[in-house]
Amino acid sequence: MKIDDRMKKDLELRDYTLGALMTVSAFEGVFPSAADKRSILPPADNELIVNTDDYRKKFNTDPVLKWGVNNKFPTDILEEAMKCTVFESAMKIFCDHLYGQGFFFYREVFKNGERVIEEVDDPELMDYLYEVGYYEYYYAVSRELPHWANFFPMYYLNKKRDIVKLKLEDSPYCRLERPNWKTGKKENIYVSAQWPNGLDLKSPIIPDNWTGWVNKIPLLDNFNYVTELSLMRSKYTFAQHLKYHTTGFTYGRAPWHSLWLNRWLGISAGVPEMTVRLYEASMQIQYLVYMHENWIKMKFPDWETEGFDREAALKALQDSWDKNLKGKDKSFKSLMLSMFTNPNNGELVKSVMFEPMNNKLQKGDFIPDSQMADTQIIFAIGLPMAMIGLVQPGAKGGEAGSGSPIREASLSLNSRLRPDRDLMHTPFYVLRDYMFKGDKKRKGLKIGTRDYVINSLDGRAATSGKEATAV
């Protein structure tokens, strides 16, 4: 339904001290309803006890572990998140910071009783990462992990059993298979863009006519990937599931997911739409004009004559005033009007009086303050508020505007990104251990990420004078 139609149906405008009142139904659907039951918990049957007759039956008729109650959690949360400007901007800044300035190789060595990071130059290995698509993977995963708390690297092998391609699959398209009732391990994932459309598999065997719509891919054991890549010789494509580990949850959870559960996203995103509705529903009259009856009779000598079209005369007068007195090009014009003397008290009476319309709705008196919602969003993402020019609640005004708070906030964020970056670089160790197994030159070689570091005014990096590298 168009907004105009909705306004006609749901709004009730009433005269109220030159303003207007609006019925609550006008805002139906702008903000999330408290009656909207939300949960990221899977259905209870997701975690049936394995190795039972009931579980085996469930596995063969419903093999997919649901992500959320209706298996549409990524779709539901994304639909609300993409409307929220604050979330989109803050998440972009966080993802860019997580990506840093690219990656590098290093070793940890001990000199004089201290651990020292020594950067390693390995052009051959860097060329291999470029060929298999590690650069593209690294950029994509720096977006995927903060958004979904899950990511699914895909490894493609050739006939020689060499890994020739690394690709990151979109997390919302991936679903885990129930654990095998014999081993208790999750052995496959299902990849499809049709989950939001209600795709529901009734068997672990993909029908022939679904080929291309749903793909079933072997899932690597994160603790035994080299052996599985070597022994499963009939398979040439493998998946890996990596996530923020949260006890009791099949799929990882990001802190910002709670914003959807408690509706902060909807509150922040709903304010612009509410503003639009307020302006469209508000009265658009600029002036209220009072005219003395004697002046009207003087203006229109035939006013009392039978058959005189009073409505047309007043309309012409109104159009004349609108044409000659409104608009910036009509500024500073003069309007000459007569006055009358009250015969009872001798006071002068204005013949015409213009009074500005006091439109309360256009003042925004009924628009809720979304600052609290925006603060909750930035906090949940884990982004220091100073990095986007905001003052921390309770801080003194102006503190976020200088370089020092922004620089220190950036350094603080850098120090907290190590766990995320280690998780993101897991595929590097799969490639290193499988493709370069037995290579003494690369044994113990690690990968790290270069940080963004904002320089001070004298040109020095905001660290202890060292190059801005981090692992």
Side-chain angles (χ1 to χ4, degrees), residues 29 32-33 35-83 144-145 147-154 167-221 235 237-244 246 248-254 257-258 260-261 265-266:
S33 169
D36 175 17
K37 302 301 181 182
R38 301 182 171 194
S39 175
I40 60 175
L41 293 172
D45 62 12
N46 250 23
E47 302 298 339
L48 292 174
I49 299 176
V50 297
N51 201 21
T52 64
D53 290 339
D54 288 341
Y55 182 83
R56 287 195 290 270
K57 181 179 179 180
K58 192 69 177 179
F59 182 91
N60 289 317
T61 58
D62 186 17
V64 175
L65 287 172
K66 304 296 190 296
W67 195 350
V69 174
N70 59 1
N71 201 27
K72 297 181 181 180
F73 170 72
T75 305
D76 293 340
I77 193 171
L78 183 61
E79 182 178 353
E80 197 160 282
M82 65 188 300
K83 298 178 182 177
E144 200 76 3
L145 179 59
H147 275 86
W148 303 114
N150 299 266
F151 62 100
F152 296 83
M154 312 289 287
K167 177 187 174 184
L168 188 69
E169 192 60 67
D170 291 344
S171 297
Y173 296 165
C174 299
R175 296 295 186 274
L176 296 166
E177 187 178 65
R178 293 180 183 276
N180 184 290
W181 63 83
K182 295 180 181 179
T183 64
K185 294 182 179 180
K186 301 180 184 73
E187 297 182 347
N188 299 283
I189 70 167
Y190 297 92
V191 181
S192 177
Q194 300 304 313
W195 305 116
N197 298 327
L199 174 64
D200 188 18
L201 295 181
K202 298 300 183 181
S203 169
I205 301 175
I206 306 299
D208 292 338
N209 61 340
W210 284 18
T211 301
W213 293 96
V214 184
N215 293 316
K216 183 177 180 179
I217 300 171
L219 183 65
L220 292 175
D221 183 345
K235 305 293 184 181
T237 303
F238 296 87
Q240 196 173 19
H241 178 217
L242 299 164
K243 65 174 183 176
Y244 289 146
T246 308
F249 285 82
T250 301
Y251 298 93
R253 292 189 302 118
H257 291 173
S258 62
W260 178 75
L261 291 173
L265 279 176

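His257 has its ring centre less than 6.0 Å from the ring centre of Phe73.
The backbone N or O of Gly252 sits less than 3.5 Å from a side-chain atom of Asn150, completing a donor-acceptor pair.
In terms of heavy atoms, Cys174 sits closest to Tyr251 at O-CE2, 4.4 Å. Heavy-atom minimum distance, Ala239 versus Met154: CB-SD, 3.6 Å. Smallest separation of non-hydrogen atoms from Tyr173 and Ala193: CD2-CA, 3.7 Å. Of all the heavy atoms in Glu144 and Pro172, the pair that sits closest is OE2-CD, 3.8 Å. The two residues Ala149 and Ala254 make their nearest non-hydrogen contact at CB-N, 3.4 Å.
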Could you walk me through whether Asp62 and Lys58 satisfy the salt bridge (charged side-chain N to carboxylate O under 4.0 Å, His left out) test, starting with their C-alpha distance in whole Å, then the side-chain angles of each, then the deciding distance to 0.1 Å, before giving a yes or no? CA-CA 5 Å; Asp62 186 17; Lys58 192 69 177 179; 3.7 Å; yes
Set out, in order, the CA-CA distance, both residues' side-chain angles and the distance that settles side-chain contact (heavy atoms from CB on, under 4.5 Å) for Asn188 and Ile217, then state yes or no. CA-CA 5 Å; Asn188 299 283; Ile217 300 171; over 6 Å; no
Between Trp195 and Tyr190, does the side-chain contact (heavy atoms from CB on, under 4.5 Å) criterion hold? Intermediate values first, please. CA-CA 10 Å; Trp195 305 116; Tyr190 297 92; 3.8 Å; yes
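A cation-pi arrangement is not found for Arg56 relative to Phe59, the charged atom failing to lie both closer than 6.0 Å to the ring centre and inside a 45° cone about the ring normal.
For the pair Asn215/Trp210, no side-chain contact is recorded, criterion being any heavy-atom separation below 4.5 Å from C-beta on. Inter-residue side-chain proximity for Gln240 and Leu242 is flagged as met; some heavy-atom pair is nearer than 4.5 Å. With contacts defined as side-chain heavy-atom distances shorter than 4.5 Å, the pair Trp148/Leu78 qualifies. The closest side-chain heavy-atom distance from Thr250 to Lys186 is below 4.5 Å. Residues Lys185 and Asn180 are not in side-chain contact: their nearest non-hydrogen atoms beyond the backbone lie 4.5 Å or more apart. Residues Phe238 and Pro153 have side chains not in contact (no heavy-atom distance under 4.5 Å, counting atoms from C-beta outward). In this structure, the side chains of Leu219 and Glu187 stay at 4.5 Å or more apart for every pair of heavy atoms.
To the nearest 0.5 angstrom, Asn60 atom CG is 10.5 Å from Arg178 atom CZ. Note that the CZ atom of Phe152 and the CZ atom of Arg175 stand 8.5 Å from one another [nearest 0.5 Å]. Separation of atoms CD1 (Ile77) and CG (Leu261) is listed at 7.0 Å; rounding is to 0.5 Å. Between the CG atom of Leu176 and the CG atom of Leu65 there is a distance of 6.0 Å, given to the nearest 0.5 Å.
The side chain to side chain donor-acceptor pair (under 3.5 Å) check on Tyr244 picks up Asp420, with sequence neighbours excluded.
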When the side chains of residues 197-208 are checked against the rest of the protein, which donor-acceptor pairs come out under 3.5 Å, sequence neighbours left out?
residue	atom	partner	partner atom	Å
Asn197	ND2	Gln194	OE1	2.8
Asp200	OD2	Lys202	NZ	2.8
Ser203	OG	Ile205	N	3.1

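Contacts classified as salt bridge (Lys or Arg N to Asp or Glu O under 4.0 Å) and involving residues 209-220 (residues at least two apart or in different chains) are given here: Glu177-Lys216.
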